[in-house]
Structures are given as structure tokens and as C-alpha cells.
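Atoms considered below: every heavy atom in the structure, side chains included; atoms not considered: hydrogens, waters and symmetry mates. Since this is a predicted model, take the numbers as computed values, not measurements.
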Amino acid sequence: MTFERLYGQWLVRNLNVYLKSEGLKNTCKQYDEVAFKPLRGEPDEIAIVISGGNATKSNVCGLDQNILPLTVTVICKTDYSDGVRRAIVALQDEYNAKPLSTGTVQMKSAFTTPFVFDESDYPTKTATVKVSFISFSATVLYGRTAVVSPAFFKLDIGGVSYDINNVSSYQCAAMPSYDSVISAGSNRASQTMTVISNTWALTIVKVEGDKLQEVFEEELAAKGRLAKDLKLICNGEEIVVRTYQLLEGYENNTAVYTLTLGY
């Protein structure tokens with residue numbers, strides 16, 4: 001089975017869930033472009049056609065990581081158009097940029113919002129109905145060896161645990177320090193490791209209503225909320241934090257925090 005077909009099955013299965021939440025009992029069904037006869041036998045169905053397949057493969061030998069642009073067209077009665085678009089938006093809100101695994105394939109999608117690009121009369125076996133054509137795009141990163149899931153971080157502050165959400169980038173580093181000794185007659189130094197430190201630097205996009213970011217704001221207002229027993233939980237592993245630094249900045253219409261933790 002091609003990934004496009006696999007992705008289409010995932011999209012149809014989850015869109016049906018959100019259609020039900022909108023009170024629509026209509027079933028979403030996937031059609032191939034070569035067999036494009038939606039709504040002919042069942043005018044009340046919701047048809048979905050996925051166009052694409054021109055994936056860009058990785059330029060690293062042996063790495064199965066692909067970027068696939070897809071165009072999704074949804075056809076339904078105009079009476080259902082508003083509910084269908086709300087269902088699509090709800091699905092996108094849930095799954096945009098969210099790492100997922102389907103069998104042996106990992107994937108992550110970035111969507112464009114849906115829009116109606118045409119409304120017209122459409123002949124079916126029983127009647128001619130007014131239908132809407134709704135379109136949106138999905139850019140899908142997928143692969144069997146690609147790592148599309150970032151590390152998951154929590155911050156424990158004085159026994160209270162907070163999820164670190166909206167992480168746009170992070171860096172983890174192990175940084176040994178060495179003493180150098182040059183022996184007589186040698187032009188190369190011997191290195192002796194004296195100490196090692198680990199740091200985690202996270203860039204976090206500022207949003208409203210995030211509990212941890214409320215703590216950040218109090219820290220930046222010199223109320224010392226972070227000056228307690230700190231622990232970083234990275235993918236379930238707990239690490240004692242010995243040093244920290246918090247910065248707030250604004251660039252390209254986005255406010256961000258930079259949190260640096262050391263051990």
C-alpha cells in the first residue's frame with residue numbers, strides 16, 4: 001500500500017469522528033482521482049479526493065524521510081458545507097504538527113485552512129443537487145527511519161510539575177572541561193577531564209493561559225518563582241537542575257522565552 005493511500009485512510013477515519021461531533025451522520029468516503037464518481041449513488045455522502053504523490057526524499061543516504069505535498073478536495077451538499085468545514089478545522093487543530101505513528105511509519109502534518117472554491121449543481125442517480133467543493137492542503141513529513149517526534153519535557157518546581165508546551169526548538173549538550181599538560185619534548189598536550197556539565201536550552205513560544213509561563217512572568221518580575229528545587233523531566237527521566245537562566249525576547253512578530261537549564 002502506498003503512503004498516500006495509508007494517509008487517506010487515516011484522514012477519512014478521523015474526519016468521520018469530527019463529522020459526528022458536528023451532528024452530521026454522513027459518512028466520509030475516499031475516492032481515487034481515476035475513479036472520480038462521488039455522490040453519484042449516495043447524494044448525502046461526503047467525498048474526499050487526495051491529490052499528490054510528488055514526495056521529496058531525503059538527501060541523506062539510507063534515511064527514509066520524505067516531504068509530501070497533498071491537496072485534499074472534499075465534496076458535499078452545500079447544506080452540509082459549514083459543518084464539514086468546522087469538522088476539518090477541528091481535525092486540523094488536533095493534529096497539526098502532531099507526531100503520529102501509523103504502523104511502521106512516523107508522520108507529521110502541517111495543514112492549510114479549508115475554503116470553498118466552487119459551488120455548483122451536480123447530477124446524481126436520483127436528483128441534481130447543489131454541492132460545495134472544499135479544498136485544503138497538507139504537507140506531510142513521513143518515513144520509517146525518520147525521527148519526527150521531539151523530546152517531551154516537564155519542569156518540576158518545588159514539587160509541582162508543569163508540562164513545557166509550545167517548544168519551537170531545543171538543544172541538549174554535554175560539555176566536559178579539561179586540564180591540558182604538555183610533557184617535556186612533546187608538542188601535543190595531554191588532556192585530563194576535570195568536570196562535565198549538561199545543559200538544556202529550550203525556545204518556548206509565548207501564549208496566553210499557560211501555567212508554566214505564568215511562573216516565567218513572575219520570575220521575570222523578580223519574584224523568584226524558579227528559585228526552588230528544580231527538576232527537568234525529559235522523556236520520563238528526572239534530572240536535578242543546578243543552574244537556570246530565563247530570557248524573554250520578541251522577534252518576527254513572536255514573543256518567546258529561552259530557558260537554559262544546567263546540571
Side-chain angles (χ1 to χ4, degrees), residues 55-68 97 99 101 104-108 110 139-159 161-206 212-213 215-222 224-263:
T56 301
K57 301 184 74 65
S58 169
N59 60 3
V60 178
C61 182
L63 176 64
D64 181 27
Q65 179 173 290
N66 312 280
I67 300 175
L68 175 67
S101 178
T104 59
V105 179
Q106 297 185 74
M107 67 179 190
K108 183 165 61 174
T139 301
V140 188
L141 173 67
Y142 74 95
R144 288 178 172 80
T145 58
V147 179
V148 298
S149 300
F152 178 71
F153 296 98
K154 290 176 176 282
L155 188 63
D156 188 292
I157 306 172
S161 182
Y162 300 87
D163 290 339
I164 305 180
N165 300 313
N166 306 296
V167 176
S168 63
S169 66
Y170 66 84
Q171 293 180 319
C172 307
M175 299 181 296
S177 296
Y178 298 89
D179 274 345
S180 298
V181 178
I182 301 178
S183 302
S186 175
N187 61 357
R188 293 188 181 273
S190 299
Q191 305 288 339
T192 302
M193 188 173 69
T194 58
V195 67
I196 185 169
S197 60
N198 293 76
T199 61
W200 296 262
L202 300 94
T203 301
I204 304 164
V205 179
K206 187 174 182 178
L212 178 58
Q213 294 190 15
V215 177
F216 288 170
E217 287 300 307
E218 293 192 7
E219 177 70 18
L220 292 168
R225 284 289 302 276
L226 288 180
K228 297 182 179 179
D229 294 333
L230 286 180
K231 297 176 184 177
L232 176 69
I233 298 94
C234 178
N235 290 336
E237 182 179 353
E238 189 175 280
I239 304 151
V240 175
V241 175
R242 302 187 186 277
T243 64
Y244 73 89
Q245 184 181 62
L246 178 67
L247 305 172
E248 181 180 349
Y250 188 83
E251 186 176 357
N252 297 326
N253 299 314
T254 303
V256 297
Y257 301 100
T258 301
L259 178 66
T260 304
L261 306 171
Y263 168 72

Quiz item: What pair of heavy atoms forms the shortest contact from Tyr170 to Val167, and how long is it?
Solution: CD2-CG1, 4.1 Å

Quiz item: Who pairs with Glu238 by salt bridge (Lys or Arg N to Asp or Glu O under 4.0 Å), at least two apart in sequence or on another chain?
Solution: Lys231

Quiz prompt | Set of residues satisfying side-chain contact (heavy atoms from CB on, under 4.5 Å) with respect to Tyr178, sequence neighbours excluded | solution = Pro176, Gln191, Met193

Quiz prompt | Closest heavy-atom pair and its distance - Lys154, Ser161 | solution = CD-OG, 3.7 Å

Practice problem: Answer whether the closest heavy-atom distance between the side chains of Asp156 and Leu230 falls below 4.5 Å. | Solution: no

Quiz prompt | For Tyr142 against Ala55, the heavy-atom pair lying closest together | solution = OH-CB, 4.1 Å

Quiz item: So, for Phe153 and Cys172, which heavy atoms are closest and what is the spacing to 0.1 Å?
Solution: CZ-SG, 4.5 Å

Exercise. Report the residues that fulfil side-chain contact (heavy atoms from CB on, under 4.5 Å) with Ala173, sequence neighbours left out, ordered by chain and then residue number.
Key: Met175, Thr199

Practice problem: Only counting residues at least two apart or in another chain, list the ones meeting side-chain contact (heavy atoms from CB on, under 4.5 Å) with Thr192. | Solution: none

Quiz prompt | Distance, nearest 0.5 Å, that separates CZ of Arg144 from OG of Ser101 | solution = 11.0 Å

Quiz item: Rounded to the nearest 0.5 Å, how far does CG of Leu155 lie from CG of Leu212?
Solution: 6.0 Å

Quiz prompt | Contacts of type ring pair (Phe, Tyr, Trp, His ring centres under 6.0 Å), residue Tyr244, not counting sequence neighbours | solution = none

Quiz item: Mind checking what makes ring pair (Phe, Tyr, Trp, His ring centres under 6.0 Å) contact with Tyr162, not counting sequence neighbours?
Solution: none

Self-check item: Ile196, CD1 atom: more than 12 neighbouring heavy atoms under 6.0 Å
Solution: yes

Self-check item: Pairing residues for Asn66 by the side-chain hydrogen bond (donor to acceptor under 3.5 Å, both in side chains) criterion, not counting sequence neighbours
Solution: Lys57, Asp64

Quiz item: What residues form a side-chain hydrogen bond (donor to acceptor under 3.5 Å, both in side chains) with Asn166, not counting sequence neighbours?
Solution: none

Self-check item: Heavy-atom closest contact (Thr145 atom, Gly62 atom, distance)
Solution: OG1-O, 4.1 Å

Exercise. Go through the steps for Asp163 and Phe152 under the test side chain to side chain contact (heavy atoms under 4.5 Å, CB included), then give the verdict.
Key: CA-CA 8 Å; Asp163 290 339; Phe152 178 71; 3.6 Å; yes

Exercise. Would you mind listing every salt bridge (charged side-chain N to carboxylate O under 4.0 Å, His left out) that reaches into residues 187-206, with sequence neighbours excluded?
Key: Lys206-Glu217, Lys206-Glu248

Practice problem: Spell out, as yes or no, whether a donor-acceptor pair under 3.5 Å connects the side chain of Thr194 to the backbone of Ser177. | Solution: yes

Exercise. Might you work through the side chain to side chain contact (heavy atoms under 4.5 Å, CB included) test for Val140 and Ile67, ending with a clear yes or no?
Key: CA-CA 6 Å; Val140 188; Ile67 300 175; over 6 Å; no

Quiz prompt | Thr258: side-chain contact (heavy atoms from CB on, under 4.5 Å) partners, not counting sequence neighbours | solution = Thr203, Leu247, Thr260

Quiz prompt | Summary of salt bridge (charged side-chain N to carboxylate O under 4.0 Å, His left out) pairs that have at least one residue in residues 176-186, sequence neighbours excluded | solution = none

Practice problem: Applying side-chain hydrogen bond (donor to acceptor under 3.5 Å, both in side chains), name anything that partners Asn198, two or more places apart in sequence or on another chain. | Solution: none

Quiz item: Between Val241, Val240, Thr243, which is the residue that forms a side-chain contact (heavy atoms from CB on, under 4.5 Å) with Leu261?
Solution: Val241

Practice problem: Take Phe216 and Ile204, measure what side chain to side chain contact (heavy atoms under 4.5 Å, CB included) needs, and give me the verdict at the end. | Solution: CA-CA 11 Å; Phe216 288 170; Ile204 304 164; 3.9 Å; yes

